Amino acid sequence: RNEESLFDPEWIPEIKDIPDGLVVRPLYSNDYENGFLQVLEQLTTVGNVDNQQFIDRFQSMKSSQSYYVVVIEDEELHQVIAAATLVIEQKFIHNTGSRGRVEDVVVDKQWRGMKLGAILNNVLVEMAKNLNVYKLSLECKDNLMPFYSRFGYKEDVKFMVQRF
Ligand code: 16G
């Protein structure tokens, strides 16, 4: 196996409460074969992404050094069962500071109700602090606000969007 890691696994903090047989790790370059996109598909449209497209995007994210896609793997089945992404955005403001964004948080249907979403959220908040972001934000549906507030988020400015 010669898969590559998207980022240095040392960035992932120690996790106390992870169920046996599961591991929290960076996205690997072979996770196309491990069900990663099938998990993401449970959040929104993924489209017909082939392995080469996946690898190209992986390499582009890796070289930017701004993408921390964290997954939970079922070690026995070698399947990705949950994922969440921390994106680090560089700024001129706040003393050339960085802003963190939490994106694409999803847990496979069969693994819900086991606090895996909480594990991923806690991991990303910790990582964002260690990466010295001055703020961390996410977008979510109204009904998920009580869930995300558990990890320190508060309602702030309204978010606007246009779609293409
Ligand atoms: C949610 C996600 C966001 C994701 C979007 C996809 C979290 C905290 N928020 O807002 O990251 O990109 O859904 O939906 O995971 P879309 O396909 O409608 O953009």
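Just follow the structure's listing: the first ligand is 1, and inside any ligand the first atom is 1. From a predicted model like this one, the values you see are computed outputs, not experimental measurements.
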In this structure, OG of S98 is separated from CG of L136 (nearest 0.5 Å) by 12.0 Å
How does the hydrophobic cluster around F159 look, that is, which other residues are in it when side-chain heavy atoms under 4.5 Å mark a link? V161
Tell me, please, which residues at least two apart from R101 pass salt bridge (Lys or Arg N to Asp or Glu O under 4.0 Å). E89
Could you label the plane-to-plane angle of the Y134 and H94 rings as parallel, tilted or perpendicular, counting under 30° as parallel and over 60° as perpendicular? parallel
Test item: side-chain donor near acceptor, Q52 and D56, under 3.5 Å: yes
Can you name the residues that form a side-chain contact (heavy atoms from CB on, under 4.5 Å) with Q59, not counting sequence neighbours? E4, I55, K62
Atom pairs and distances, ligand 1 N/O vs protein N/O under 3.5 Å:
from     : atom 1 : to   : atom 2 : distance (Å)
ligand 1 : 9 (N)  : E139 : O      : 2.9
ligand 1 : 10 (O) : E139 : O      : 3.3
ligand 1 : 11 (O) : E103 : OE1    : 2.4
ligand 1 : 11 (O) : D104 : N      : 2.7
ligand 1 : 11 (O) : D104 : OD1    : 3.3
ligand 1 : 12 (O) : E103 : OE1    : 3.3
ligand 1 : 12 (O) : D104 : OD1    : 2.6
ligand 1 : 15 (O) : D104 : N      : 3.2
ligand 1 : 15 (O) : V105 : N      : 2.9
ligand 1 : 17 (O) : T44  : OG1    : 2.5
ligand 1 : 18 (O) : R163 : NH1    : 3.1
ligand 1 : 18 (O) : R163 : NH2    : 3.0

